[in-house]
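These notes are about the structure you will find just below.
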Amino acid sequence: MTTPKKVCVVGSGNWGSAIARIVGLNAGRNKKFEPSVNMWVFEELVNGRKLTEILNTEHENVKYLPGHKLPDNVVAIADLVEAVSAADILLFVIPHQFIHKVCDIMQGKIKPNAFGMSLIKGVDEGPGGLKLISEVIGEKLGISVSVLMGANIANEVAEDKFCETTIGCRDKDHGALLKELMQTDHFRVTVVEEAEVVEICGALKNIVAVGAGFCDGLCYGDNTKAAVIRLGLMEMIAFARLFCSTHSVSPATFLESCGIADLITTCYGGRNRRVAEAFARTGRSLKELEEEMLNGQKLQGPATAAEVHILLKDKDVLAKFPMFTAVYEICFQGRPVADFISCLQNHPAHQ
């Protein structure tokens, strides 16, 4: 029998805590995993107490996932190196803006045969062009990295409301093990090989959700939002075909939970839609609204739009992505939010 795998959840926000709940339950009853699961927590004070202390005594993330108990075998650790050093499986669940800093601290401090899975929705734009977050992690840490993306609003997952998710993994053995670690009766997992496409879906849908929020803020109805979703999906597929290194982009992957399901969910719920709606209604800044509405969580859609914009501009293809471009220009260049509707009316799909 193989040695049980030690799991560490790198991150402890809303989604990270919901995932820790699943992983803790599964690791506690499956002999392929060590029962104790580490969770790295960015230490902060909540009502005068350390968050790690609250998590380890009350087994509840009272700030980011209140009302949902975590299994007793999930151990909150404030020191990143201490949390990850013994892990065989590393699950990354932090805002994508922080991945470089976290990986820099972890370099040389993890097991050489460890492998990872990214649940982070975003892309990284650097001197060499587009980098997926899984690529950033893999290159910095020298490990193989799979991805998990899906229509998974954290609070609903924590409430055991039925949902699906998609793991993108090229290694069949890793994929099978990760499915055992993640799947429950209420959280059903499909494993596909097109990891790049799975991850691109998870990043780009947040840009589309910002557009959906603009429509809500401008008091357009469900017909308009349906158009946003359809045209947004078309831009997501076009982006994947343009940037995926394999260039073998199967439409079937977009029919998995990571694709159309996550897109619909995010355009009707989710933080990006909510904040974008408030932005369109009030005219207040995104930064101000993020601080007021998200209780310490980070907004991903505008940041991803900015990174994607640089890449599209470099390739001189902005005209083919009018929705992505409009979201960027409204968020960062002062373009009136009412202009968003004209980008739908004049979309190349209608030519």
Side-chain angles (χ1 to χ4, degrees), residues 95-97 99 118-125 129-136 147-152 165-166 168 192 194-215 225 227-247 249-273 275-276 298-315 317-318 320-332 340 343-344 347-349:
H96 82 275
Q97 298 95 316
I99 194 62
S118 171
L119 291 81
I120 300 168
K121 295 179 176 177
V123 291
D124 187 64
E125 186 280 322
L130 172 76
K131 260 201 171 48
L132 300 174
I133 300 301
S134 62
E135 289 182 275
V136 173
V147 296
L148 182 147
M149 305 282 155
N152 309 140
T165 199
T166 310
V192 302
E194 278 194 337
E196 278 186 313
V197 178
V198 172
E199 188 166 4
I200 281 174
C201 284
L204 298 185
K205 58 97 186 185
N206 283 328
I207 304 177
V208 184
V210 172
F214 291 161
C215 288
K225 192 180 282 189
V228 170
I229 291 170
R230 186 185 82 86
L231 296 171
L233 180 63
M234 290 179 69
E235 292 193 20
M236 287 166 61
I237 294 170
F239 187 95
R241 287 180 171 154
L242 190 60
F243 287 98
C244 276
S245 60
T246 60
H247 294 291
V249 175
S250 165
T253 305
F254 291 90
L255 298 178
E256 296 291 348
S257 183
C258 62
I260 187 66
D262 196 10
L263 181 60
I264 292 169
T265 300
T266 312
C267 286
Y268 277 92
R271 68 188 81 157
N272 290 281
R273 189 215 63 79
V275 174
K298 293 297 177 185
L299 201 58
Q300 302 289 1
T304 303
E307 287 151 347
V308 163
H309 183 80
I310 294 168
L311 299 162
L312 295 177
K313 190 175 180 181
D314 285 347
K315 287 191 175 284
V317 291
L318 287 173
K320 294 181 180 178
F321 296 87
M323 185 182 299
F324 291 175
T325 301
V327 168
Y328 166 75
E329 291 176 348
I330 290 166
C331 289
F332 296 103
F340 186 71
C343 100
L344 305 181
H347 200 281

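Since the structure is predicted, the reported quantities are computational estimates derived from the model, not experimental observations. Just so it is clear, the values below take in all heavy atoms, side chains as well, and ignore hydrogens, waters and symmetry mates.
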Checklist entry - Would you call Val208 and Asn272 a side-chain contact if the rule is heavy atoms closer than 4.5 Å? => result no

Item to check | Modelled atom types, side-chain donor and acceptor of Thr165 and Asn152, under 3.5 Å | outcome: yes

Next on the checklist: Restricting to side chain to side chain donor-acceptor pair (under 3.5 Å), what partner residues turn up for Ser134, sequence neighbours left out?
Outcome noted: Glu199

Checklist entry - Looking at CD1 of Ile200 and CD1 of Ile237, how far apart are the two atoms once the value is rounded to the nearest 0.5 Å? => result 12.0 Å

Checklist entry - Going through the distances and angles, do Met323 and Met234 end up as a side-chain contact (heavy atoms from CB on, under 4.5 Å)? => result CA-CA 10 Å; Met323 185 182 299; Met234 290 179 69; over 6 Å; no

Checklist entry - Which heavy atom of Pro348 sits nearest a heavy atom of Pro322, and at what distance? => result CD-CG, 3.4 Å

Checklist entry - Any side-chain heavy atom of Val308 sitting closer than 4.5 Å to one from Tyr328? => result no

Checklist entry - Listed by chain and number, what are the side chain to side chain donor-acceptor pair (under 3.5 Å) partners of His309, not counting sequence neighbours? => result none

Next on the checklist: Rounded at 0.5 Å granularity, tell me how far CG in Leu263 sits from CD1 in Ile229.
Outcome noted: 5.5 Å

Checklist entry - If you measure from OG1 on Thr166 to CG on Leu148, what distance do you get to the nearest 0.5 Å? => result 7.5 Å

Item to check | Separation of Gln300 CD from Arg271 CZ (nearest 0.5 Å) | outcome: 6.5 Å

Checklist entry - Would you call Glu196 and Leu132 a side-chain contact if the rule is heavy atoms closer than 4.5 Å? => result yes

Checklist outcome for this item: Sequence neighbours excluded, the answer for side chain to side chain donor-acceptor pair (under 3.5 Å) partners of Glu329 is Arg335

Checklist entry - Less than 4.5 Å apart, any side-chain heavy atom of Val136 and any of His96? => result no

Checklist entry - Under the side-chain contact (heavy atoms from CB on, under 4.5 Å) criterion, do Arg273 and Lys225 qualify, and how do the steps go? => result CA-CA 11 Å; Arg273 189 215 63 79; Lys225 192 180 282 189; 3.8 Å; yes

Checklist entry - Do Val147 and Leu119 touch side chain to side chain, with heavy atoms closer than 4.5 Å? => result no

Item to check | Partner of Phe321 under side chain to side chain contact (heavy atoms under 4.5 Å, CB included), chosen from Leu311, Leu242, Val327 | outcome: Leu242

Item to check | CD1 on Ile120 to CD on Gln97, rounded to 0.5 Å | outcome: 10.0 Å

Next on the checklist: Any heavy-atom pair between the side chains of Phe214 and Cys331 that's under 4.5 Å?
Outcome noted: yes

Checklist entry - For the atom pair SG (Cys215) and CG (Leu344), what is the distance rounded to the nearest 0.5 Å? => result 5.5 Å

Checklist outcome for this item: Closest heavy-atom pair, Gly202 versus Lys121, reported as atoms and distance to 0.1 Å, is O-CB, 3.2 Å

Item to check | Val197 vs Cys244 side-chain heavy atoms within contact, under 4.5 Å | outcome: yes

Next on the checklist: If you compare all heavy atoms of Cys258 against all heavy atoms of Cys201, which two are closest, and at what distance to 0.1 Å?
Outcome noted: O-CB, 3.1 Å

Next on the checklist: Do Pro302 and Val210 make a side-chain contact, defined as non-hydrogen atoms from C-beta onward lying under 4.5 Å apart?
Outcome noted: yes

Checklist outcome for this item: Between Glu307 and Val123, the two heavy atoms sitting closest are OE1-O, 2.7 Å

Checklist entry - Is the side chain of Glu194 donor-acceptor paired with the backbone N or O of Thr253 at a distance under 3.5 Å, no angle test? => result no

Item to check | With sequence neighbours excluded, residues passing side chain to side chain donor-acceptor pair (under 3.5 Å) with Thr266 | outcome: Lys205, Asp262

Checklist entry - After noting the C-alpha distance and the side-chain angles of Phe243 and Leu312, does the key distance pass the side-chain contact (heavy atoms from CB on, under 4.5 Å) rule? => result CA-CA 10 Å; Phe243 287 98; Leu312 295 177; 3.9 Å; yes

Checklist entry - Of the non-hydrogen atoms in Cys267 and Ala209, which two are nearest, and what is the gap between them? => result SG-CA, 3.8 Å

Checklist outcome for this item: For Lys131, the salt bridge (charged side-chain N to carboxylate O under 4.0 Å, His left out) test, sequence neighbours excluded, returns Glu139

Checklist entry - Is Thr304 reaching over with its side chain to a backbone N or O of Gly122, donor-acceptor style, under 3.5 angstrom? => result no

Item to check | Partner residues of Tyr268 under the ring-ring contact (aromatic ring centres under 6.0 Å, His included) criterion, sequence neighbours left out | outcome: none

